[in-house]
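Presented below is the structure to which this report refers.
First the proteins, then the strands, lettered A, B, ... as listed; each starts at 1.
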Amino acid sequence: MSNLWLFAVGRVARAFPLVVLLLGFNFVMIHTAPGDPVAMLIGDAEAPELIETVRRDFGLDKSMPEQLIAYGSNIIRGNMGISYRYRLPVGGLITERLPATLLLMGSAFLISMLVGTILGVVAAVRRGTWLDSGLSVLALLGASVPVFWVGMLLLLAFAVNLRWLPLYGVSTVGFRADGIWDLVSDRVRHLILPSVTISVGQLALIFRVTRNRMIEELSKDYITQARAKGVPITRVWGVHALRNVALTLVTIAGLRIGVLFSGALLTEVVFAWPGIGQLMYGAMVGRDYPIVMGVFAMVVAVTVLANVVTDISYGFLDPRVRYG
Amino acid sequence: MSDAGRRILTLIVGSLLFGSIAMAQGGGGTLRIGLNSEPITLNPAITNNQIDVFVSAKVYEGLIYVDEDMNPVPGLARSWEVSDDGLTITLQLQQGVRWHDGVPFTSADVKFSLEDVVKTKHPLGPSQLAVLESVETPDDETAILHLSGPSIFFASPYLALNASTAPIIPKHLFEGTDIATNPVSSNPVGTGPFRFEEWVRGSHIVLVRNDDYWAAGLPLLDQVVYLVIPDASTRLLAFENGEIDYLPFGVPYSALGRLGARPDVDVIRFRDTRYQIHGLYFNVRNEPFSNPLVRQAIAHAIDKQAIVDNVTFGYDRVANSIQQSGSVFYNPGVPTYDLDLTTAAALLDQAGLTPGANGIRFETVFTVDLGAGETALKTAELLRDQLAKVGIALKIVPLERATFLQTVYQNYDFEVATFYGTMGPDPSVGSKWFVTPSAPASFVNPTGYSNPKIDDLLGEFAVQTDQNRRRELFNEAQDILLTDLPYIPIREDSWPVLVSSRFTGVATDMFAGKADRLLNAARR
């Protein structure tokens, strides 16, 4: 096995204890938080025996270490448990909602990367102009405002006042599509506001990083040399400099998957988007531990995986890392 | 011609030809209802969650309903007869009713639902059906209920046998299965006016008209769509945009003035039968609230009208008792406490709570239930200002519902807390707030108030079947409670809902409303 593969396996192995630790920590946090799932489910029951039966069904009558062990052995077997409220397997509930959330995150990711990079390059090459300053101020604003506030403003402007776009949901309920184009257009119209909402923060970050890294690259000798050799200026920006900036961008984007995900969770509630965020929101309010832990396990897995992949791709791209 | 135009023409021609029959079948249309959260299950026999019942009670039915004047009317039982000793109830069931899958509905379904499911698995079943010994089924259309003793819930059969507390579910689909995980619990097959069509989790639920419904010509609507929109602002915007026709839950009072002025919106305030009272609880186990003088002083220091005006924009009414003033069980002679800061101060002095150098007599914590709605926190802030005038420093601690339930109802770890609840049309449902609790449980008396006289009065109230005697008992209980004041009622909630004026017959009063079947709802 090559050094590179050993490096990759090593990184994965190193991530494993971290995942276990995080899941255990999460379990303890949720179970020690105030609130009783059974009270939330059948709190108005006047029959103690019914409450005890339900508590036993959920395994909540056992001590916390026993519950933790049961949870651990289930997780190892790939079983995330049964939702207290829906009485359905958590894995199924999450996979049912996952496509909607991934669609939202995916579009937000694309928007922030594309627009952020383009604006970043524009600001860098127009450094010091009113355009640069304007974009930088906007980026500062975009990075500071809370997601749900952006969502509400966009709703008021585009769905209520202008009525260009729908208010909520993933598609129009009861909508009979007249051909595939109709269906796609309905979906896209629903997707625009929530994905723009989530992308704002990420976009601002990508913009700032691109701008600063571009300015740094553009002052380097190889750029001057390329210019001296007569390479067209747009090619110098777009190919020579941007390629070096891209590595930084990929790293940041990978590390920020978790942030993007939490943005999606908040946005889903505002836009009534039937994804993981809404599932999680209901589960938190109702103290449905298995769902909360299931979603958290997924976020942990995705975040750690994104980090590992970033690490490994660095190893592939930069030999120094492998032997470090 | 447009679709709507064609429909109107058909309706006009139809009504000319068939008169009342065409009228009964007119209306139609799709009613879009905005929900603040998604149902957990669509099986009303195992849940008492408001949203679950609100949705599933259009598909499943109870045996007996009430009309707007609280008189019992037929549901799946077309008539009923109570024996002289009150221990035998003979129900004659509707004839020719079929489940939505085509299987005939019989008395065996009633026996199965009541004995095997509701009595043991419904959150309220073990208490409300405690006296139900057995259901006898001499033939398919007769169910005879045998009771072991008198019970308030059977004092009016409606209380025990309504769609919310005793829905009838199909034996042939549920028998021998785990009711909670049975797929039919999320794909319901009922006898009700609407059939279940689809549930896209996190998004919407669609019900369609049951063309074979046993009440001829009903329902009027073609379709009911429930849209799940958790965010309150988005939900309201969707209503304002005309994307939702009916908002039954969580309408902010602050929006009523603006929306009420619109010609295409009806603001409907439920009648007195809604029975929601907002106020506060004292933890009477500890100083200083163990002293009734302190509680009475606070009652004199609260400006209830100011709270009604500022928090509900004048939409609600001041509450004087623990039962809403429109109820037959309301005691109009109950002790009241006028806003009187001098008396309040005198009572506090008498209790030994004199002002310190900074003018403060004592500090206390107000635990606020955020699950009681947007009004809970605003009320707390007004109370803080009002009580400051008599030297009581109120510190507000807002808690979300799950934490609140545990803190207040299970751990009793509070001093003053949000009090919010419904008594039901008959206080038997809510009177558990006042009796000495046998064990900590959500939504029972957390105050530590224990009065043998009240326990006796409400104990007799719960088994007494003579309504006049029951009124006497409850009047006396109200006198005692409003003297002792473990609770201070502040306002009677009118629970405003928003309905598009394109529709009629949508919102009825709450107790029936939760299990309302939308039989007469229609497009205008």
**Study point:** CE (A:Met152) with more than 12 external heavy atoms under 6.0 Å
**Key:** yes
Point to revise | Other residues, nucleotides, ligands: >12 heavy atoms within 6.0 Å of A:Met29 CE | key: no
Review point. Of the listed residues (A:Pro37, A:Ala33, A:Gly169, A:Pro34), which shares the most heavy-atom pairs with chain B below a 4.5 Å separation?
Key: A:Pro34
Point to revise | chain B interface, residue from A:Met284, A:Glu96, A:Arg97, A:Glu268 that has the most non-hydrogen pairs under 4.5 Å | key: A:Arg97
With a 4.5 angstrom heavy-atom cut-off, which part of [X] approaches chain B: side chain, backbone, both or neither?
{"X": "A:Tyr281", "result": "side chain"}
{"X": "A:Leu88", "result": "side chain"}
{"X": "A:Leu279", "result": "neither"}

Check whether [X] gets within reach of chain A through its side chain, its backbone, both or neither, counting any heavy atom under 4.5 Å.
{"X": "B:Gln410", "result": "side chain"}
{"X": "B:Glu400", "result": "side chain"}
{"X": "B:Thr41", "result": "neither"}
{"X": "B:Glu38", "result": "side chain"}
{"X": "B:Thr30", "result": "neither"}
{"X": "B:Leu399", "result": "neither"}
{"X": "B:Ser37", "result": "neither"}
{"X": "B:Val228", "result": "both"}

Review point. Where do B:Arg401 and A:Val285 land on the side chain to side chain contact (heavy atoms under 4.5 Å, CB included) test, with the steps shown first?
Key: CA-CA 8 Å; B:Arg401 176 50 70 77; A:Val285 172; 5.7 Å; no
Return the minimal non-hydrogen interatomic distance between [X] and [Y], and the atom names on each side.
{"X": "B:Leu237", "Y": "A:Val160", "value": "CD2-CG2, 3.8 Å"}
{"X": "A:Leu50", "Y": "B:Thr120", "value": "CD1-O, 3.0 Å"}
{"X": "A:Met40", "Y": "B:Ala402", "value": "SD-CA, 3.5 Å"}
{"X": "B:Thr234", "Y": "A:Tyr168", "value": "CG2-CB, 4.2 Å"}
{"X": "B:Gly202", "Y": "A:Gln278", "value": "O-NE2, 3.3 Å"}

Among [options], residue most engaged with chain A (heavy-atom pairs, under 4.5 Å):
{"options": "B:Pro39, B:Ala238, B:Gly125", "answer": "B:Ala238"}
{"options": "B:Ser185, B:Ala180, B:Ala232", "answer": "B:Ala180"}
{"options": "B:Ile46, B:Asp178, B:Asn241, B:Thr407", "answer": "B:Asn241"}

Review point. Just checking, any donor-acceptor pair under 3.5 angstrom between side chains of A:Arg85 and B:Thr47?
Key: no
Review point. In Å, rounded to the nearest 0.5 Å, how long is the span from CG of B:Asp231 to CZ of A:Phe271?
Key: 9.5 Å
Review point. Taking B:Ser203 for the side chain and A:Pro274 for the main chain, is one N or O donor matched with an acceptor at less than 3.5 Å?
Key: no
Check your understanding: Okay, side chain of B:Asn49, backbone of A:Leu41: is any donor-acceptor separation there less than 3.5 Å?
Key -> no
Check your understanding: Taking C-beta and beyond as the side chain, do B:Glu240 and A:Leu167 meet within less than 4.5 Å on heavy atoms?
Key -> no
Point to revise | Flag side-chain contact, heavy atom, 4.5 Å: A:Leu93 against B:Arg201 | key: yes
Review point. Should B:Glu243 and A:Val173 be marked as a side chain to side chain contact (heavy atoms under 4.5 Å, CB included) after you check the CA-CA gap, both sets of side-chain angles, and the distance that decides it?
Key: CA-CA 10 Å; B:Glu243 294 177 40; A:Val173 173; over 6 Å; no
